[in-house]
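Residue numbering restarts at 1 for every chain, and letters A, B, ... go by the order of the sequence lines.
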2 protein chains.
Amino acid sequence: MRTITVNLGPRSYPIHLGEGILSHAGRLLREVSGEGRAAIITNPTVGELYLPPLQKALIQSGLRVTSIFVPDGEEHKDLNSLETIYDRLVEERFERGSFLIALGGGVIGDLAGFAAATFLRGIPYIQVPTTLLAQVDASVGGKTGVNHRAGKNLIGAFYQPRLVLIDVAVLRTLPRRELVAGMAEVIKYAVIEDSQLFDLLEQKLERLMDLDRDLLVDTIAASCEIKARVVEKDEREEDYRSVLNFGHTIGHALESLTGYKRFLHGEAVAIGMAQAAAISRRLGLCDQEALKRIHRLIARTGLPTGLPADAKPQELVKRIEVDKKSSGGKIKFVCCAGIGRSRFHWLSPQEIESELRHRT
Amino acid sequence: MRTITVNLGPRSYPIHLGEGILSHAGRLLREVSGEGRAAIITNPTVGELYLPPLQKALIQSGLRVTSIFVPDGEEHKDLNSLETIYDRLVEERFERGSFLIALGGGVIGDLAGFAAATFLRGIPYIQVPTTLLAQVDASVGGKTGVNHRAGKNLIGAFYQPRLVLIDVAVLRTLPRRELVAGMAEVIKYAVIEDSQLFDLLEQKLERLMDLDRDLLVDTIAASCEIKARVVEKDEREEDYRSVLNFGHTIGHALESLTGYKRFLHGEAVAIGMAQAAAISRRLGLCDQEALKRIHRLIARTGLPTGLPADAKPQELVKRIEVDKKSSGGKIKFVCCAGIGRSRFHWLSPQEIESELRHRT
């Protein structure tokens with residue numbers, strides 16, 4: 001088992017990482033839980049596979065466990081599902097010492113985290129991410145929240161978990177398309193912060209995507225390490241943390257424009273990264289070689305790089321402007337300044353639009 | 001103008017206090033607000049009186065202001081009102097640099113504070129409390145939240161305001177019954193922390209309740225000072241902050257038992273304090289003289305001290321047990337250890353019930 005610590009003073013917590021560690025969950029959780037009462041928040045798909053072993057591990061360690069199901073899908077990350085969770089916690093008389101466990105992907109993690117942040121003004125919670133995307137990104141860093149019909153994550157809180165438990169074994173049951181989508185965030189970390197990770201991905205991408213255990217652990221650990229260091233520098237995204245938005249400004253706009261139906265988040269981010277890298281090249285921030293390597297690596301995972309023909313630059317830019325990261329006209333755009341290096345660049349909506357007309 | 005600082009490191013903020021300072025709100029707010037976009041959350045009753053002067057002061061200082069009305073009353077401190085606020089903020093494209101202003105009593109303050117805590121994962125907010133209760137208690141310390149039909153404040157967050165603006169002039173339009181109810185919290189501070197404040201109240205209670213300006217400022221400042229020092233020691237109520245629950249364990253139970261209709265919060269707290277003082281006396285924690293002084297002072301304000309005949313101890317204790325402050329059987333009860341001194345005492349539900357049978 002590998003452990004990475006997120007150092008945030010009184011809000012510090014460990015990320016435990018390994019193959020098959022779900023069955024040690026009871027022991028690991030007892031270390032952080034006092035009163036021994038827990039609710040596992042999950043969805044039917046994940047619950048069918050992993051609720052029984054998790055429950056068993058917890059009960060064997062003397063924890064009292066209940067489970068709360070939320071329907072599968074991003075459209076259920078809303079205030080309604082949140083109320084369902086509140087109602088159950090009230091019914092079962094959860095107290096301040098009780099805690100929540102998020103067993104699932106990003107939707108479950110964000111929702112359960114926000115429920116924990118706001119029930120009785122905050123109870124502890126644990127992340128047990130079951131998608132690659134959630135393991136390398138959503139489960140670490142304390143961003144929690146739900147969607148508003150006007151936009152994603154408009155309602156939420158920064159609220160750190162007490163523990164993140166990453167069992168790489170669960171990735172064996174993850175649909176291939178979701179595994180591939182998760183690779184987008186791994187590539188993102190490599191591009192913005194870690195040229196060694198980029199080299200490793202270039203050398204061993206296929207073995208990694210065949211779920212080689214040691215490679216998985218190394219790659220996810222490296223990703224979590226980068227995320228942890230960024231979050232430590234700027235927990236509440238006042239400035240530096242937005243470096244993690246590399247590929248996301250265009251990616252979010254594309255997801256929004258296509259009604260969150262056509263692309264998985266990681267697929268939209270892959271296109272966003274490819275476009276952002278091309279813009280970085282044209283701005284003279286990185287060389288042609290770096291741009292080529294980024295596009296090639298994304299393509300090798302099976303992820304898309306090109307903007308779909310029907311995504312009009314003008315429409316994309318409109319979406320970017322309503323996105324919460326815009327502020328007073330200019331958009332804070334994360335550029336690639338060579339493999340493993342990033343730079344913020346402020347671009348006007350007009351500049352982004354004209355860049356997108358290149359349709360890399 | 002008097003200023004008290006709540007020292008919470010990066011979350012520190014000033015409480016400005018004085019007569020007529022609402023008209024300087026623009027200048028005071030500009031010091032804490034960046035982008036200059038604000039939404040005033042208020043209710044029709046308060047809004048009719050104080051929205052025009054506040055808006056005027058803000059607009060004159062170059063702030064862009066919008067207002068959001070929430071219906072009057074505790075029953076509207078719920079997830080529905082919260083959604084109304086979210087919808088308006090989304091509609092008007094509020095951004096991270098925008099901020100909220102809570103203009104009203106505790107309901108408005110708690111609701112607006114929670115909306116601020118959770119919109120875009122947290123935007124700044126300002127408290128402009130217009131009841132005595134909110135001025136001395138609810139507006140300071142960062143407790144925000146809404147009610148669940150199963151109980152008050154079950155959903156919420158600790159989220160500090162950037163500024164508290166207390167204009168004592170607004171108390172001149174406050175209904176007498178609400179002014180009297182607010183006195184319960186002032187007496188609470190005196191009993192648990194400040195014998196000098198208690199002496200002052202004994203000497204000048206009538207003049208204070210006739211709204212003598214200097215006395216009002218002194219008394220509210222002393223109350224905020226005590227609240228600030230307690231919150232500084234224990235922001236998230238992990239331990240010491242619950243000293244502020246003196247009179248509230250029984251008070252909350254009484255409010256709940258009577259459906260939040262018969263008693264104002266301060267009235268129930270007054271009865272709770274009188275009972276808690278009597279229990280403290282019987283436990284030998286304070287002398288008969290202190291008990292008498294507390295009962296006499298409460299009675300002089302016009303607040304009740306005795307449990308109503310139809311409030312059965314058994315029923316009250318049941319409510320205390322479901323209250324979130326109960327934990328694993330024993331109840332953490334705040335006792336009076338002489339005027340200006342408090343002590344925690346753990347009591348079983350049975351012990352509280354038998355104490356309440358004395359019906360002081």
Give a yes or no on whether B:Arg93 atom CZ has more than 12 heavy-atom contacts from other residues, nucleotides or ligands under 6.0 Å away.
no
Within this structure, what is the CG-OG1 distance for the pair A:Leu82 and B:Thr118, rounded to the nearest 0.5 Å?
10.0 Å
Checking B:Phe94 against chain A: side chain, backbone, both or neither under 4.5 Å from a heavy atom?
neither
Does atom CZ of B:Arg88 have more than 12 heavy-atom neighbours from other groups under 6.0 Å away?
yes
What's the verdict on side chain to side chain contact (heavy atoms under 4.5 Å, CB included) for A:Tyr86 and B:Ile155, showing C-alpha distance, side-chain angles and the deciding distance?
CA-CA 8 Å; A:Tyr86 290 146; B:Ile155 299 157; 3.4 Å; yes
With chain A, the option among B:Ala157, B:Gly122, B:Gly156 that has the most non-hydrogen atom pairs under 4.5 Å is B:Gly156
Looking at chain B, which one of A:Leu79, A:Thr144, A:Asp87 has the largest number of heavy-atom pairs inside 4.5 Å, strictly under?
A:Asp87
Which answer fits B:Arg236, side chain, backbone, both or neither, if we ask what part of it has an atom under 4.5 Å from a heavy atom of chain A?
both
Is there a side-chain contact between B:Glu83 and A:His148 in this structure, where contact means two heavy atoms from C-beta onward sitting under 4.5 Å apart?
no
Candidate pair B:Arg121 and A:Asn153, rule side chain to side chain contact (heavy atoms under 4.5 Å, CB included), full reasoning:
CA-CA 8 Å; B:Arg121 298 197 189 94; A:Asn153 298 320; 3.7 Å; yes
